[in-house]
Amino acid sequence: MRADAVERVDTGSIVLLVLAAWLVPGSGHLWLGRRAKGLVFLVALTAMFAVGLALGGRLFPFESSQPLVFLAAAADVAAGLPYFGAWVLGWGQGQVAAVSYEYANAFLIVAGLLNMLVLLDVYDTAVGRR
Amino acid sequence: MTSHFLLMLLFAFFVALVFAMLMKDQPRDQVRFGVIVFGGFVVSALVLGWLMYPLPF
């Protein structure tokens, strides 16, 4: 089983695969031919991140003096290109006074964390563990 | 959208959807698992909400 998986995706490609899976949610599964999963992850995680931004969420900065803010920033970055796109466009400043602010942050952070789980699933699939 | 309940439903939907696709491979299993996770989120939130209702802070 593992040998078959390695034949399907060679070791050198795995790094590229994981990088792609991080940058574009769902792309790793699409690469491996798991279209349904890939499309669902692409739509769901991107939509979740977009909802977080639309509700007034904040893309947290990397502040080492505040560990929780630092972790939130890491989770935001885990969303991949949606994060960088929003950052370049200046979105995600955060509307602290908005009633949906905390929920928005939950959407942004969890979208990134879920993308990390998806990324691990891609890796497991590529090396034949699944 | 300012309804916390609707936002909670939306959040639970997304998370249940991703969990179901991650954990199960067969469509039937995915639907069943997704419904269970979604229901778990909603019921837990309602129960915890009512339990915290009397708290003064």
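Here the structure is a predicted model, which is why all the values come from computation and not from measurement. These numbers come from the heavy atoms of this one structure, side chains and all, not from hydrogens, waters or symmetry mates.
For the pair Val122(A) and Leu32(A), the tightest heavy-atom approach, listed with the atom from each and the gap, is O-CD1, 3.8 Å. The two residues Phe41(A) and Pro25(A) come nearest to each other via the heavy atoms O-CB, 4.0 Å. Of all heavy-atom pairs spanning Ala73(A) and Pro61(A), the tightest one is CB-O, 3.5 Å. Closest approach of Phe5(B) to Leu46(B), counting heavy atoms only: CE1-CD2, 4.0 Å.
Heavy atoms closer than 4.5 Å to chain B are found in the side chain of Leu55(A), but not in its backbone. Only the side chain of Leu45(A) comes within contact range of chain B, with at least one heavy atom under 4.5 Å from a heavy atom of that chain. Residue Val118(A) touches chain B through both its backbone and its side chain, counting heavy-atom pairs closer than 4.5 Å.
Counting heavy atoms of neighbouring residues, nucleotides and ligands inside a 6.0 Å radius, atom CZ of Phe19(B) does not exceed 12 of them. For Phe33(B), the CZ atom is densely surrounded, since the number of other residues' heavy atoms within 6.0 Å is greater than 12.
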Under 3.5 Å, which donor-acceptor pairs link chain A and chain B? Put them in a table for me, please.
unit_1, atom_1, unit_2, atom_2, d
Lys37(A), NZ, Met21(B), O, 3.0
Lys37(A), NZ, Asp25(B), OD1, 2.8
Val99(A), O, His4(B), NE2, 3.1
Arg130(A), NH1, Leu22(B), O, 2.6
Arg130(A), NH2, Leu22(B), O, 3.3
Arg130(A), NH2, Asp25(B), OD1, 3.3

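The backbone N or O of Val77(A) lies less than 3.5 Å from a partner atom in the side chain of Trp22(A), making a donor-acceptor pair.
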